[in-house]
Amino acid sequence: MRERTEGTNHIHLLWKQDAEGRKYLIKKSLEGRMDGESLWITLEGDGAGKSVTFPVYQQKAGNYGKYSEYMNRHGCACCSLTALLAAYVPKYRNLRPEETVGIIERACWEEAWRRNYRKHIARQMPVSLYGISRILQKNHIPHRYVGRFEDGQAMKEMEEHLGRGRPVVIETSRMRRKNGRIVRWFDKKYAGSYHTMVLLGIDERGRVLFTDSAQRQWAGSWQRLKKAKLSDLMAYMFPQKNESDTHVYFHRRKDTGGYILIDLDEPGIEIQ
């Protein structure tokens, strides 16, 4: 893997704990800016002097070699997976998105990789949530992929998980839902079509802090690290209808969706 050249774009967030024992994040320091081509997000202060750093890359940075156009069109899932692998697998600390595509994905499923990337660029698909789960499993990162869900239970589960200081991987669409029904087909607040992001934690005002490889005008300077209410994000998430699907690349809406709970309380992960 390449050596990390993080420059000056680096934000440090500090874990705190409320009277009920729920963890939340506050900003400790910021070097540089949060709307550039990359941002390193370091979470500190879990009570044991440990920290973890997530690199977040912008899809449209154009510096990914032969994969630059792919990243521009389809790179959200790859960027999210890169952030997780760099944070929790020491040998991937300097991992970049083009290496995730060209090395990590290919090593996991050579035949499916070749089928996907020999298509026209418009038909090449991002790694699915199931595919992300497969790669996390191969790298011994404890997690649980939840495909089908009911909004109320999912909200409660994700809120509790984030309150323990554990990340959640989500997929959103351009369609806004309410009570399980689509109420607006072309909202695009969190996705032009479909979009994968990593929820890192909750801030002192109850908003979720999450990574994002895309630019959204509404977020101002908070681009690589955004803030939103969990209920707002939930309105753009959607459950997986076909829970038996095993496509490692995005296939159809009914074959994807849901969320992934990263559970670091399980053995096998040592945060540096």
Side-chain angles (χ1 to χ4, degrees), residues 6-7 9-11 13 30 32-41 54-65 67-87 95-101 105 121-129 131-132 158 167-177 184-201 203 207-238 249-250 253 256-260:
E6 60 189 71
N9 297 329
H10 197 155
I11 186 169
L13 303 174
L30 171 65
R33 52 196 297 174
M34 293 189 292
D35 59 356
E37 294 182 356
S38 60
L39 175 70
W40 274 258
I41 304 171
F54 298 83
V56 187
Y57 294 92
Q58 182 184 350
Q59 290 177 239
K60 297 186 177 182
N63 59 357
Y64 304 116
Y67 294 112
S68 290
E69 187 178 356
Y70 171 82
M71 289 296 167
N72 185 10
R73 292 172 179 245
H74 314 294
C76 61
C78 171
C79 288
S80 294
L81 177 55
T82 300
L84 292 168
L85 291 174
L95 186 68
R96 286 178 52 86
E98 68 268 30
E99 295 169 327
T100 300
V101 172
E105 290 179 20
I121 186 67
R123 293 179 58 82
Q124 293 174 15
M125 290 291 106
V127 62
S128 66
L129 285 188
I132 290 175
M158 289 193 293
V168 180
V169 186
I170 67 169
E171 186 171 8
T172 56
S173 78
R174 66 187 179 187
M175 295 167 277
R176 184 177 179 89
R177 297 184 309 114
R184 189 172 182 185
W185 286 89
F186 299 101
D187 191 295
K188 296 188 177 184
K189 183 174 183 179
Y190 296 108
S193 178
Y194 297 96
H195 196 59
T196 307
M197 301 175 288
V198 181
L199 313 185
L200 298 178
D203 71 6
R207 299 169 300 183
V208 174
L209 296 170
F210 59 97
T211 71
D212 195 352
S213 58
Q215 298 290 107
R216 309 290 181 199
Q217 187 174 1
W218 60 264
S221 63
W222 285 68
Q223 291 295 332
R224 304 288 72 75
L225 178 66
K226 293 186 173 69
K227 300 172 288 186
K229 292 181 179 179
L230 184 56
S231 58
D232 195 29
L233 290 165
M234 173 60 70
Y236 296 88
M237 293 172 60
F238 55 97
Y249 292 104
F250 184 92
R253 177 184 169 89
T256 189
Y259 53 94
I260 301 174

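Computed from a predicted model, the values in this text were never measured in an experiment.
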Under the side-chain hydrogen bond (donor to acceptor under 3.5 Å, both in side chains) test, which residues partner D232, sequence neighbours left out?
R176, K189, Y190

Residues two or more places apart in sequence or in another chain: which of them pass side-chain contact (heavy atoms from CB on, under 4.5 Å) with S68?
Y64

Separation between CE of M175 and CG of D187, rounded to the nearest 0.5 Å
11.0 Å

Shortest non-hydrogen contact from M71 toward Q59:
O-NE2, 3.1 Å

Partner residues of R174 under the salt bridge (charged side-chain N to carboxylate O under 4.0 Å, His left out) criterion, sequence neighbours left out
none

Looking at every non-hydrogen atom in both residues, tell me the closest pair between C78 and P97 and how far apart they are.
SG-O, 3.2 Å

What residue pairs, at least two apart or across chains, pass salt bridge (Lys or Arg N to Asp or Glu O under 4.0 Å) with a residue in residues 218-228?
D212-K226

Atom CH2 of W185 with >12 non-hydrogen neighbours under 6.0 angstrom:
no

Do M234 and V208 pass the side-chain contact (heavy atoms from CB on, under 4.5 Å) test, and can you show the C-alpha distance, the side-chain angles, and the key distance before you say yes or no?
CA-CA 11 Å; M234 173 60 70; V208 174; over 6 Å; no

Validation row: M197, L233 side chains within 4.5 angstrom (heavy atoms):
yes

Please step through side-chain contact (heavy atoms from CB on, under 4.5 Å) for the pair Y57 and S213, ending with a clear verdict.
CA-CA 6 Å; Y57 294 92; S213 58; 5.9 Å; no

Could you go step by step and tell me if I41 and L13 meet the side-chain contact (heavy atoms from CB on, under 4.5 Å) rule?
CA-CA 7 Å; I41 304 171; L13 303 174; 3.9 Å; yes

Of all residues at least two apart in sequence or in a different chain, which pass the side-chain hydrogen bond (donor to acceptor under 3.5 Å, both in side chains) check with S128?
none

CD1-CG distance between I170 and L199, expressed to the nearest 0.5 angstrom:
4.5 Å

Main chain of V56, side chain of T211: is a donor-acceptor contact present, judged purely on distance under 3.5 Å?
no

Should the ring pair Y70 and Y67 be called parallel, tilted or perpendicular, given that the plane angle runs from 0 to 90° and is split at 30 and 60?
perpendicular

For A77 and I132, work out which heavy atoms get closest and say how close.
O-CD1, 4.1 Å

Contacts of E105 meeting side-chain hydrogen bond (donor to acceptor under 3.5 Å, both in side chains) (sequence neighbours excluded), chain-then-number -> Y117, Y249

Indicate yes or no: at least one non-hydrogen side-chain atom of L129 is less than 4.5 angstrom from one of Y259.
no

If every non-hydrogen atom of A219 is compared with every non-hydrogen atom of Q223, which pair is closest and at what distance?
CB-NE2, 3.8 Å

Rounded to the nearest 0.5 Å, what's the gap from CG on L30 to NE2 on H10? Could you check?
10.0 Å

In sequence, state the C-alpha distance, the side-chain angles, and the governing distance for L225 and F54, and then conclude on side-chain contact (heavy atoms from CB on, under 4.5 Å).
CA-CA 11 Å; L225 178 66; F54 298 83; over 6 Å; no

Which residues pass the ring pair (Phe, Tyr, Trp, His ring centres under 6.0 Å) test with F238, not counting sequence neighbours?
Y194

Are the side chain of E171 and the backbone N or O of T196 linked by a donor-acceptor pair below 3.5 Å?
no

Mind checking what makes ring pair (Phe, Tyr, Trp, His ring centres under 6.0 Å) contact with H195, not counting sequence neighbours?
none

May I have all residue pairs that pass salt bridge (Lys or Arg N to Asp or Glu O under 4.0 Å) and include part of residues 69-81, sequence neighbours excluded?
E69-R73

Can you tell me how far SG of C79 sits from NE2 of H74, rounded to the nearest 0.5 angstrom?
13.0 Å

Heavy-atom closest pair, residues D35 and Q58
O-OE1, 4.4 Å

Residue list, side-chain hydrogen bond (donor to acceptor under 3.5 Å, both in side chains) with T82, at least two apart or on another chain:
T100

Main-chain N/O of R33 paired with N9 side-chain donor or acceptor, under 3.5 Å:
yes

When rounded to the nearest 0.5 angstrom, what distance separates OG in S38 from CG in N63?
8.0 Å

Under the rule for side-chain contact (heavy atoms from CB on, under 4.5 Å), what residues qualify as partners of S193, not counting sequence neighbours?
none

